[in-house]
Number of protein chains: 2
Amino acid sequence: MSRSNLAENTCTAARAVELFADAWMMMILREMFLGTRRFDDLQCLTGVSPATLSQRLKKLEHIGVLCREAYQAHPPRYEYRLTAMGRDLWPVIVSMKAWGDRWLGSGEEPPVAIIHKHCGAAVTPHMVCPACHEPMEAHDSEPRLSPAFEHERQAARGQS
Amino acid sequence: MSRSNLAENTCTAARAVELFADAWMMMILREMFLGTRRFDDLQCLTGVSPATLSQRLKKLEHIGVLCREAYQAHPPRYEYRLTAMGRDLWPVIVSMKAWGDRWLGSGEEPPVAIIHKHCGAAVTPHMVCPACHEPMEAHDSEPRLSPAFEHERQAARGQS
DNA sequence: GCTATAACTTCAATATATGAAGTTACTATC
DNA sequence: GATAGTAACTTCATATATTGAAGTTATAGC
């Protein structure tokens, strides 16, 4: 993914996808949500090479989804923590997990359960409509494109 | 991402991430949810090269999230459609879009609105606990790892 | 002094993606 | 009936990114 037209995409979904739809980015974020904070743990628990991990952590920090915090000064040692922007990616990871549990699971108990602190239940969160509170899935919705975005897409079609 | 230990990962979230956390996979899926069905449209609307698109479509078909359907026999022409397994990825894309709208948007109206067919509202779906129906976010939950998964992770830590 | 640890960086080899162009088998138009 | 266009790809040389292994730096503890 290197085209400038994508980097400047009008579509916010495409921009998010461009940032995070990278195998290692998501693996790192998954680990962060499991509570992993340090370089070497992230490295061995995800299997990423140190060079790539280092590069991705810098990128994630640059985006603003995580921050480095020194936990000791001499020698300088850091841990990585999710920011509010990063924590807000929770639904993405949870959706991926739910899909994996449903379609890739072995039928047994999933390896990670999500406990709702409020009620104590082990749950698979699902999506609802904030207006009418009904559950929402793909077939309950349809996309409506803004005129500007529609125009951009027509231009892209024309170019081919 | 090529390590066999990841391909055989116990964690269903990691397995899902491994399949879809690829920039082009997600861009293609996003397009499919917008209703795009044909090779050349997918190619110009995502910006992926034909070679990569061809490879990714084969992979997506192999996974089972989309299927090829002939819409004309001579010459053979196909369109690509999401399967039930594919449509079930909707929350992943919607979560990415919601995040993008919130953190990457320009403050204006987002380029794509999601209309809930049932009530007609343009909405940003959110996650709720299926047990108590309260909204759920990162700080409302905690992960609980299965013993087997915990064991696998300890082994990975040890190896470093 | 010796060993261990954390957080990286470096490097050569390998793998993957890119853009541009080409291919195949038609249909539609002049 | 020749020419142009279209759809769905494939091919290829080049460019870019990733990998595994090893090295580096700064320090603590014995």
Side-chain angles (χ1 to χ4, degrees), chain A residues 1-7 17-28 31-32 36-62 66-81 154 156-160, chain B residues 1-7 17-28 31-32 36-62 66-81 154 156-160:
Chain A
M1 177 92 58
S2 62
R3 288 200 171 189
S4 58
N5 68 318
L6 284 174
V17 160
E18 212 190 331
L19 290 175
F20 298 113
D22 164 282
W24 295 124
M25 294 293 251
M26 288 300 253
M27 288 298 282
I28 292 164
E31 273 307 314
M32 299 290 293
T36 307
R37 307 245 175 280
R38 297 194 184 174
F39 192 94
D40 279 17
D41 283 342
L42 288 168
Q43 198 266 306
C44 61
L45 291 169
T46 58
V48 67
S49 75
T52 306
L53 178 57
S54 177
Q55 195 246 313
R56 290 300 193 284
L57 288 172
K58 279 179 187 131
K59 192 171 169 187
L60 287 165
E61 193 188 356
H62 179 74
L66 56 78
C67 58
R68 264 155 60 110
E69 263 182 56
Y71 66 89
Q72 103 182 7
H74 300 286
R77 290 287 177 268
Y78 302 93
E79 39 178 46
Y80 296 89
R81 296 185 162 273
Q154 277 307 325
R157 280 172 198 265
Q159 275 169 15
S160 79
Chain B
M1 175 92 60
S2 63
R3 288 200 172 189
S4 58
N5 69 317
L6 284 174
V17 160
E18 212 190 331
L19 289 175
F20 298 113
D22 164 282
W24 296 125
M25 294 293 250
M26 289 300 251
M27 288 298 281
I28 293 164
E31 273 307 314
M32 299 290 293
T36 308
R37 307 244 175 281
R38 297 193 182 174
F39 193 93
D40 279 17
D41 284 342
L42 288 169
Q43 198 267 306
C44 61
L45 291 170
T46 59
V48 68
S49 75
T52 306
L53 178 57
S54 177
Q55 195 246 313
R56 290 299 193 285
L57 287 172
K58 280 180 188 129
K59 193 172 169 187
L60 287 166
E61 193 188 358
H62 179 75
L66 57 79
C67 57
R68 264 156 60 112
E69 263 181 58
Y71 67 87
Q72 104 182 8
H74 300 287
R77 290 289 177 270
Y78 303 94
E79 39 178 47
Y80 297 89
R81 294 185 163 273
Q154 277 307 325
R157 279 171 197 266
Q159 273 169 17
S160 79

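So you know, we letter chains A, B, ... as the sequences are listed, proteins then strands, and number each from 1.
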For [N] and [X] - does any side-chain N or O of the residue sit under 4.0 Å from the phosphate oxygens OP1/OP2?
{"X": "Q55(B)", "N": "dA17(C)", "value": "yes"}
{"X": "Y80(B)", "N": "dC9(D)", "value": "yes"}
{"X": "R68(B)", "N": "dA7(D)", "value": "no"}
{"X": "K58(B)", "N": "dT10(D)", "value": "yes"}
{"X": "T52(B)", "N": "dT16(C)", "value": "no"}

Interatomic distance where [atom1] belongs to [X] and [atom2] belongs to [N] [whole Å]:
{"X": "L42(A)", "N": "dT5(C)", "atom1": "CG", "atom2": "C1'", "value": "16 Å"}
{"X": "Q43(A)", "N": "dT5(C)", "atom1": "CD", "atom2": "P", "value": "15 Å"}
{"X": "W24(B)", "N": "dG19(C)", "atom1": "CH2", "atom2": "C1'", "value": "12 Å"}
{"X": "E79(B)", "N": "dT6(D)", "atom1": "CD", "atom2": "P", "value": "19 Å"}
{"X": "I28(A)", "N": "dA7(C)", "atom1": "CD1", "atom2": "P", "value": "14 Å"}
{"X": "L53(B)", "N": "dA17(C)", "atom1": "CG", "atom2": "C1'", "value": "13 Å"}
{"X": "Y78(A)", "N": "dT25(D)", "atom1": "OH", "atom2": "C1'", "value": "13 Å"}
{"X": "R157(A)", "N": "dA7(D)", "atom1": "CZ", "atom2": "C1'", "value": "14 Å"}

Ignoring the backbone of [X], work out which of [options] is nearest its side chain.
{"X": "A51(B)", "options": "dT18(C), dT19(D), dC8(C)", "value": "dT18(C)"}
{"X": "F39(B)", "options": "dT18(D), dC9(D), dC8(C)", "value": "dC9(D)"}
{"X": "D22(A)", "options": "dC8(C), dT18(D), dT10(D)", "value": "dT18(D)"}
{"X": "D40(A)", "options": "dA6(C), dG19(C), dG20(D)", "value": "dA6(C)"}
{"X": "S54(B)", "options": "dT18(C), dC9(D), dT18(D)", "value": "dC9(D)"}

* Asked: Pick the nucleotide of DNA chain C nearest each of R56(B) and P50(B); which residue has the one closer to the 5' end?
  -> R56(B)
* Check whether NZ of the Lys or CZ of the Arg R38(B) lies under 6.0 Å from the centre of the six-membered ring of Y71(B) and within 45 degrees of that ring's axis. => yes
* Considering all heavy atoms of both residues, which atom of E61(A) and which atom of C67(A) are nearest to each other, and what is their separation? -> CG-CA, 4.4 Å
* Please report the shortest heavy-atom distance between L19(A) and M25(A), naming the atom on each side. => O-CE, 3.4 Å
* With a 4.0 Å cut-off on heavy atoms, is Q72(B) in touch with a base, just the backbone sugar-phosphate, or nothing at all? -> nothing
* **Base dA7(D) to side chain R77(B), donor-acceptor N/O within 3.5 Å cut-off** => yes
* Do side-chain atoms of Q43(B) reach the backbone of V48(B) as a donor and acceptor pair under 3.5 angstrom? -> yes
* Side chain to side chain, Y80(A) and I28(A), heavy atoms closer than 4.5 Å -> no
* **Pair D22(A) + R56(A), salt bridge at N-O below 4.0 Å** => yes
